[in-house]
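Keep in mind that this is a model prediction, so the values were computed, not measured.
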Amino acid sequence: MKIIFRFCKIAFLSSMFFISSAVHAQQMPAFSILQSNGKTLNTAKLPHTKPVVLIYFAPDCDHCTKLLSAMFGKMSQFNRATILLVSFKPMNEITDFEKKYKTAAYKNMIVGIEQPLYFLQRLYQLQSTPYTALFDKSGKLIVDYKTETPLNELIAQLKRTK
């Protein structure tokens, strides 16, 4: 009887953990971004005045560079959002990426390394990059893409997001 009780208790606690993780994944998670300038930004302190586009990427990923190159060509469509480009790669790769794509020219863009490392990868159970998520200004998840990001669809979703 004790074995059955322990098994039920473990099963219950495990299911609560997975339900809790799913609920948390529907809101923008609180994590930090270490930027190449040495500053750390905590996402919980982002202003709640505009939507957030989160792109989890690797600078050496072909799919990521294809998405981001197309996005940089349509940046005027993203002016009403904060864009977080978050990676798990070393800072020297992030710095090279920033120089190549001149990300400092975009005042609504924040680029950096997630802290703690692999937090987003574990939270969203990511197997590849890029991962793209759109959150409204209150931090609620509107849409996410775990594979290819249809840029025009993302732009349309952003236009509808408050």
* **Spacing of CD belonging to Gln127 relative to CD belonging to Gln121, to within rounding of 0.5 Å** => 8.0 Å
* Asked: Got a donor-acceptor contact below 3.5 angstrom from the Thr43 side chain to the Phe31 backbone?
  -> yes
* State which residues pass ring pair (Phe, Tyr, Trp, His ring centres under 6.0 Å) with Phe97; sequence neighbours excluded, sorted by chain then number. => Phe57, Tyr101
* Asked: Checking side chain to side chain contact (heavy atoms under 4.5 Å, CB included) against Phe88, which of Thr129, Ile94, Leu120 comes through?
  -> Thr129
* By side chain to side chain donor-acceptor pair (under 3.5 Å), which residues pair with Ser138, not counting sequence neighbours? -> Asp136
* To do: Please name the pair of heavy atoms, one in Lys89 and one in Ser87, separated by the smallest distance, quoted to 0.1 Å.
  => N-OG, 3.1 Å
* **Lys146 NZ: over 12 foreign heavy atoms closer than 6.0 Å** => yes
* Asked: Is there a side-chain contact between Ile55 and Thr149, using heavy atoms and a 4.5 Å cut-off?
  -> no
* When rounded to the nearest 0.5 angstrom, what is the spacing between CG in Asp144 and CD in Gln157? -> 10.5 Å
* To do: Answer whether the closest heavy-atom distance between the side chains of Glu114 and Tyr56 falls below 4.5 Å.
  => yes
* Distance from Thr103 atom OG1 to Ile110 atom CD1, nearest 0.5 Å? -> 11.0 Å
* Asked: Between the side chain of Asn108 and the main-chain N/O of Ala81, is any donor-acceptor distance below 3.5 Å?
  -> yes
* Structure fact -> Closest non-hydrogen contact found for Arg122 with Leu117 is NH1-O, 3.5 Å
* **Minimal non-hydrogen separation, His48 against Lys137, with atom names** => ND1-O, 3.1 Å
* Would you give the length of the straight line joining atom CD of Glu148 to atom NZ of Lys66, rounded to the nearest 0.5 angstrom? => 6.0 Å
* Residue of the set Val52, Ile142, Leu141 for which side chain to side chain contact (heavy atoms under 4.5 Å, CB included) holds with Leu134 -> Ile142
* To do: Can you see which heavy atom on Lys50 is nearest to which on Thr82, and at what distance?
  => CE-OG1, 3.5 Å
* Structure fact -> Between Cys64 and Pro130 the two heavy atoms that sit nearest each other are SG-N, 3.5 Å
* Asked: So, do Phe135 and Pro29 sit near enough that their side-chain heavy atoms are less than 4.5 Å apart?
  -> yes
* What's the spacing between Leu67 CG and Ser69 OG if we round to 0.5 Å? -> 8.5 Å
* **Heavy-atom side-chain proximity of Gln77 to Met71 below 4.5 angstrom** => no
* Structure fact -> Rounded to the nearest 0.5 angstrom, the OG1-CG distance for Thr132 and Leu54 is 8.0 Å
* If you look at every heavy atom in Leu34 and Met91, which pair is closest and at what distance? -> O-CE, 3.5 Å
